[in-house]
Amino acid sequence: MYAYIVRRLLLMPLILFGVTLLLFGMIALLPPDARLALYLRDIPKNPKQSETLIRQYGLNDPIYVQYANWLFGREGADPNTGEVAVRGGILRGDFGWSRTGSDTIANVISRRFPATVELSLWAIVPIIGIGVWMGVLAAVKHNKWQDQLLRVFAIVGWSFPSFVVGLLLLMILYARLQWFPPGRLSDWATIVVNSEAFVRHTGMNTLDAILNGRLDIFFDALRHLVLPILTLAYIQWALLLKITRSSMLESLRQDYINTARAKGLVEKVVINRHARPNALIPVVTVSGAVVVGLLNGVIITETIYNYPGIGSVAAQAAASLDVLTVLGFTLFTGIILLIGNLVVDILYAVVDPRVRLS
């Protein structure tokens with residue numbers, strides 16, 4: 001088991017190195033003056049000033065030197081104070097300036113990421129729990145009306161794009177019924193949260209509301225999460241239903257299931273203790289991928305509901321051709337993806353001993 005984890009850990013730096021090479025290659029395709037515009041808040045109009053800044057940022061250096069500077073930073077004098085220091089370097093947490101967020105990319109991500117984490121945490125339980133339950137039910141009721149109904153549900157859910165589901169929910173549950181509004185908080189709750197009396201511990205409204213003893217803020221924040229969660233869940237339910245149903249049907253056909261039934265075990269015990277644990281092995285991998293996808297920021301869902309997560313800011317950056325913000329977002333989500341896949345692989349090895357033995 002430990003050797004398996006060590007092998008996975010040793011692969012992570014190599015994969016991350018490949019990701020950084022790919023992203024830097026995208027930046028290197030731009031000419032020096034275009035790349036200069038990515039790093040500056042105010043672009044100089046004088047060509048001589050631009051040439052000076054290009055030399056200062058090392059944008060005419062050999063490509064391997066630029067790559068090293070991009071990773072580790074570059075020593076240079078501050079244009080305002082003249083103080084010599086190392087500036088830049090994604091390994092130092094300096095991803096550059098975000099024109100979309102009017103702040104450093106690191107600050108934009110740190111400010112937006114708690115909202116995405118909050119949405120993901122609240123969405124995980126209904127997505128995985130209900131999706132797996134429906135898959136098991138469809139397999140147990142194979143070819144009965146429950147199975148047929150759930151299969152139609154899966155086909156429809158797999159066919160509908162997320163933005164169509166989101167718009168339908170928005171029109172029905174908000175525009176018509178006025179039940180669940182978009183955004184993250186109501187106006188009155190936003191005023192309270194931004195006041196000095198409300199302490200921001202985590203950046204997640206529901207958790208901070210509990211820590212501040214404000215249940216009214218908690219329920220308002222939860223009310224705003226319903227529509228994004230339903231939109232994310234409907235698509236993922238279809239995926240988990242299909243995979244769980246297929247795996248469960250295969251598990252129910254195994255000899256050990258027939259042996260358990262021949263021993264006189266109650267059908268509920270056969271399903272819950274023998275068939276379902278083995279059927280959930282492939283579901284673990286898919287569920288892990290679903291969770292990692294949520295943490296990466298679901299761009300379409302956050303954009304539809306005006307939800308201020310990292311997905312929505314990435315969409316804004318792409319629309320305004322803010323290349324550096326998009327690449328910073330890509331690198332950040334790539335790191336999350338690598339860590340998430342490592343956790344999923346470890347869980348998979350815990351669930352399935354055959355992975356450890358191989």
Side-chain angles (χ1 to χ4, degrees), residues 1-29 58 61-75 86-96 104-106 108-110 112-114 116-117 120-121 124 127-128 236 239-240 243 247 277-299 309-311 314 323-358:
M1 180 66 179
Y2 293 106
Y4 176 78
I5 296 175
V6 169
R7 287 198 303 269
R8 299 297 300 169
L9 288 173
L10 291 176
L11 282 174
M12 283 188 64
L14 296 177
I15 298 173
L16 188 58
F17 174 70
V19 171
T20 58
L21 275 179
L22 180 62
L23 293 178
F24 179 76
M26 296 173 64
I27 299 177
L29 292 175
D61 291 343
I63 194 69
Y64 61 88
V65 175
Q66 294 187 46
Y67 177 68
N69 293 337
W70 185 66
L71 285 180
F72 304 106
R74 177 185 173 87
E75 188 178 87
V86 177
R87 293 178 297 164
I90 60 171
L91 296 182
R92 300 175 62 249
D94 189 349
F95 294 92
T104 63
I105 295 175
V108 171
I109 291 176
S110 63
R112 294 290 194 109
F113 191 54
T116 299
V117 172
S120 302
L121 291 177
I124 286 171
I127 286 176
I128 297 178
Q236 303 301 334
L239 173 63
L240 290 174
I243 293 175
S247 181
N278 290 285
L280 291 182
I281 291 176
V283 179
V284 171
T285 303
V286 177
S287 300
V290 169
V291 173
V292 172
L294 293 175
L295 289 175
N296 279 342
V298 186
I299 295 177
I310 59 173
V323 178
L324 209 59
T325 301
V326 173
L327 293 180
F329 167 81
T330 304
L331 181 60
F332 178 74
T333 55
I335 294 172
I336 293 178
L337 184 63
L338 286 176
I339 297 174
N341 284 336
L342 174 64
V343 174
V344 170
D345 288 341
I346 294 174
L347 290 176
Y348 198 70
V350 171
V351 174
D352 190 354
R354 294 171 298 180
V355 175
R356 299 197 297 266
L357 294 175
S358 62

*Asks:* Are any of the side-chain heavy atoms of I128 and Q236 separated by less than 4.5 Å?
*Replies:* no

*Asks:* Closest heavy-atom contact between T20 and Y67?
*Replies:* OG1-OH, 2.8 Å

*Asks:* At their closest point, which heavy atom of F72 faces which heavy atom of L91, and how far apart are they?
*Replies:* CE2-CD1, 3.4 Å

*Asks:* Considering only heavy atoms from C-beta outward, does the side chain of I90 approach that of L331 to under 4.5 Å?
*Replies:* yes

*Asks:* Taking all atoms of both residues into account, what is the closest heavy-atom pair of M12 and L338, and its distance?
*Replies:* CE-CB, 4.0 Å

*Asks:* Check the orientation of F332 and F113. Use parallel for under 30°, tilted for 30 to 60°, and perpendicular for over 60°.
*Replies:* perpendicular

*Asks:* Between I105 and F329, is there a side-chain heavy-atom distance shorter than 4.5 Å?
*Replies:* no

*Asks:* So, does S110 use its side chain to make a donor-acceptor pair with the main chain of A106 at under 3.5 Å?
*Replies:* yes

*Asks:* Does I63 reach the side chain of F24, with side-chain heavy atoms less than 4.5 Å apart?
*Replies:* yes

*Asks:* Can you tell me how far the OG1 atom of T325 sits from the CD1 atom of I109, to the nearest 0.5 Å?
*Replies:* 8.5 Å

*Asks:* From T333 OG1 over to I299 CD1, what is the distance, rounded to the nearest 0.5 angstrom?
*Replies:* 8.0 Å

*Asks:* Going by side chain to side chain contact (heavy atoms under 4.5 Å, CB included), name the residues that satisfy it together with T330, two or more places apart in sequence or in a different chain.
*Replies:* L23, V326

*Asks:* Only one of I15, L21, V19 forms a side-chain contact (heavy atoms from CB on, under 4.5 Å) with F17, so which one is it?
*Replies:* L21

*Asks:* Would the number of heavy atoms belonging to other residues, nucleotides or ligands and lying under 6.0 Å from CE of M26 be above 12?
*Replies:* no

*Asks:* Looking at I310, is its backbone amide N or carbonyl O close enough to the side chain of T116 to form a donor-acceptor pair, meaning the two atoms are under 3.5 Å apart?
*Replies:* yes

